[in-house]
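Remember, it's 1-based here, ligands and their atoms both numbered in the order they're listed. Quick caveat: nothing in here was measured; it's all calculated off a predicted structure.
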Amino acid sequence: MGRRAILRRRHRQQGGFRQMNNRWIELLKKKTKELAAAKEETFETKEEEPGEYRKPIFQIIYIFLGIFVLMAGYFSYYIMFQSDDVINNAYNKRQEVLSERVVRGQILSADRAILAQTVVDKDGNETREYPYGEVYAHAIGRYSKGKTGIEESENIRLLTSNINSIEVMYSDLSGKKSPGDNVVTTLDSKLQEVAYNALGDNRGAVVVMEASTGKILAMASKPSYDPGKVDDQWEELLADEKTEAPLLNRATQGLYPPGSTFKILTALEYMRENMAYLEYEYDCDGSIDFEGMTIHCHNNRSHGEVDLPKSFAKSCNTSFANIGKGLDIAKFYEMCDSFLFNQNLPVNMASNVSSFTLQKGVSGTKEAMQTAIGQGNTLISPLHNAMITASVANEGVMMKPYIVDHIENAEGATVKKYSSQTIGRMMSGEEADYISDMMRQVVTDGTATKLEDLPVEVAGKTGSADNSKGKAHSWFVGFAPDREKDTDIVVSIIVENVGTGSEYAVPIARKIFKEYFK
Ligand SMILES: [Zn+2]
């Protein structure tokens with residue numbers, strides 16, 4: 001038999017089955033009504049004959065028998081005609097089949113704001129809507145013009161309906177669509193709004209996450225776009241990709257020189273190579289020369305006598321370049337490798353690979369000195385920098401960042417729960433404590449004193465990353481303890497081409513911590 005003939009036969013069978021079941025559904029509905037009526041009568045009658053009770057009981061038995069037969073029939077029908085379509089087809093075909101049966105589910109924030117939903121008009125036309133427009137574009141992704149973000153990663157779940165099977169069956173048999181499952185994210189709608197707005201008209205990105213779980217509470221990237229308008233604006237957006245790159249999720253895909261935020265890793269490497277790091281001393285006169293290369297402290301300012309914590313708090317480039325001069329390049333590389341440089345981040349979202357290029361036998365001392373202050377050829381994404389900072393805050397253990405908390409059916413029952421996962425121990429508890437103390441000193445007596453009057457004890461590191469495209473990129477990575485949740489809240493902020501970390505990124509961190517701890 002040819003494929004067409006098979007399809008025709010299948011169509012006839014399906015039609016016949018539908019008719020049969022429609023008759024059953026009608027009968028069931030009628031019986032249910034009769035039962036309800038009978039129940040009311042029963043309650044109204046004060047004195048009853050014993051036999052009168054039996055009537056409704058038999059009716060209930062018939063109804064359940066009917067449901068059972070109907071479901072048995074339905075599942076055979078499903079297995080015979082539909083499961084093949086659903087299971088055996090390639091991804092694209094599968095989602096096509098699913099979207100004929102299911103109305104795509106919603107994407108929600110952790111506090112239940114609707115971030116994406118499919119609206120169906122009276123003619124059955126579906127529109128994917130994004131009530132917050134540009135604010136969540138990169139965190140949740142888009143549906144049209146090539147799915148991205150959660151719209152891509154949770155695509156099949158959004159197109160799967162886990163409401164109770166009788167309802168699915170009713171809808172299926174009567175040709176109606178079932179409501180798809182909803183994706184509940186870890187995002188906090190208030191923090192997201194603050195993070196997005198705090199970037200102002202600048203290009204840049206913000207990541208906010210919990211150190212002990214890896215839960216992403218906010219993820220913003222600017223410039224942005226409205227995922228609900230991509231069909232109309234596509235040509236324009238593509239043209240902008242060459243200059244402003246609004247489609248790029250800078251939080252996970254943007255790669256930047258880390259600037260002085262990299263001193264966290266340089267300090268750690270120095271501590272590992274020098275048992276006597278507590279005795280480190282250096283006399284900063286504002287700059288350091290090496291074989292014709294000069295590295296300056298910010299504004300050529302001399303920091304005088306500094307130890308390791310003071311070098312760190314004041315972000316003394318001269319002292320850190322001096323540290324870089326003596327580091328074992330092979331060991332430095334090995335440590336950065338363990339911190340996930342030069343490899344894909346273990347995250348369920350599109351991200352770019354951070355790079356650390358210092359190599360034994362290839363890189364010279366000059367490059368080592370540049371690298372030690374976060375210049376050189378090192379590149380990092382804001383998400384990766386958040387993960388490194390979180391491992392300091394989390395006593396040395398790095399957690400896997402995640403943005404989907406759970407999947408629930410249209411009635412709100414949990415279908416699948418995601419939980420936090422450990423990537424690994426990045427440093428000892430003692431090392432993490434020492435670096436945390438130095439990061440705290442950045443706020444009490446260093447480059448981030450603008451955060452000192454907050455009601456929580458913030459620790460962090462600023463960075464101003466020189467680049468070929470103009471003014472420095474402004475960085476801040478840091479954390480503050482949420483004692484109620486027994487974790488630290490981590491921020492990683494970059495503002496492109498504006499100037500120093502203390503001037504631009506630190507005030508954004510301030511707004512985020514203020515909102516979180518208010
Ligand atoms: Zn200095």
Side-chain angles (χ1 to χ4, degrees), residues 256-274 276-327 329 332 358 364-378 380 385 389 392 434-452 458-467 471-478 498-506 509:
Y256 304 91
S260 296
T261 62
F262 199 72
K263 287 172 184 164
I264 293 171
L265 293 183
T266 305
L268 180 60
E269 180 58 25
Y270 181 78
M271 287 158 63
R272 287 184 178 174
E273 285 187 36
N274 299 275
Y277 62 86
L278 293 176
E279 288 152 33
Y280 174 79
E281 267 182 8
Y282 186 77
D283 191 4
C284 165
D285 60 9
S287 66
I288 185 169
D289 296 310
F290 184 80
E291 292 179 354
M293 174 186 78
T294 307
I295 288 177
H296 300 273
C297 282
H298 185 57
N299 290 339
N300 272 329
R301 186 173 163 190
S302 84
H303 293 107
E305 286 282 331
V306 289
D307 54 9
L308 188 59
K310 197 170 176 192
S311 306
F312 191 91
K314 302 285 183 193
S315 208
C316 177
N317 282 342
T318 305
S319 170
F320 266 87
N322 172 60
I323 284 172
K325 198 159 66 169
L327 290 178
I329 288 176
F332 202 4
L358 209 55
T365 306
K366 281 188 197 171
E367 196 186 332
M369 291 166 76
Q370 291 281 355
T371 304
I373 62 165
Q375 293 296 151
N377 299 316
T378 310
I380 192 169
N385 225 351
T389 307
V392 176
Y434 194 76
I435 293 173
S436 295
D437 288 347
M438 291 200 293
M439 289 173 80
R440 174 73 188 135
Q441 220 168 299
V442 171
V443 175
T444 56
D445 186 28
T447 53
T449 48
K450 282 176 188 153
L451 300 173
E452 218 200 342
V458 182
K461 184 74 196 84
T462 56
S464 311
D466 290 334
N467 62 90
K471 282 187 183 175
H473 297 321
S474 172
W475 271 109
F476 180 76
V477 293
V498 286
T500 64
S502 13
E503 211 174 328
Y504 296 92
V506 169

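Take Asp445 and apply the salt bridge (charged side-chain N to carboxylate O under 4.0 Å, His left out) test, not counting sequence neighbours, and it matches Lys314. Qualifying ring pair (Phe, Tyr, Trp, His ring centres under 6.0 Å) partners for Tyr256, counting only residues two or more places apart in sequence or in other chains: His473.
Protein N/O/S atoms closer than 2.8 Å to the Zn ion (ligand 1): Cys284 SG, Cys297 SG, His303 ND1, Cys316 SG.
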Distance-only donor-acceptor pairs under 3.5 Å for side chains of residues 298-307, two or more places apart:
unit_1 : atom_1 : unit_2 : atom_2 : d
Asn300 : OD1    : His296 : ND1    : 2.4
Asp307 : OD1    : Lys310 : N      : 2.9

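Minimum interatomic distance between Thr266 and Phe332 (heavy atoms only, all atoms of both residues): OG1-CZ, 3.8 Å.
Phe290 does not carry Lys325 over the face of its six-membered ring by the limits of under 6.0 Å from the centre and within 45° of the normal.
Aromatic ring centroids of Tyr434 and Tyr277 lie under 6.0 Å apart.
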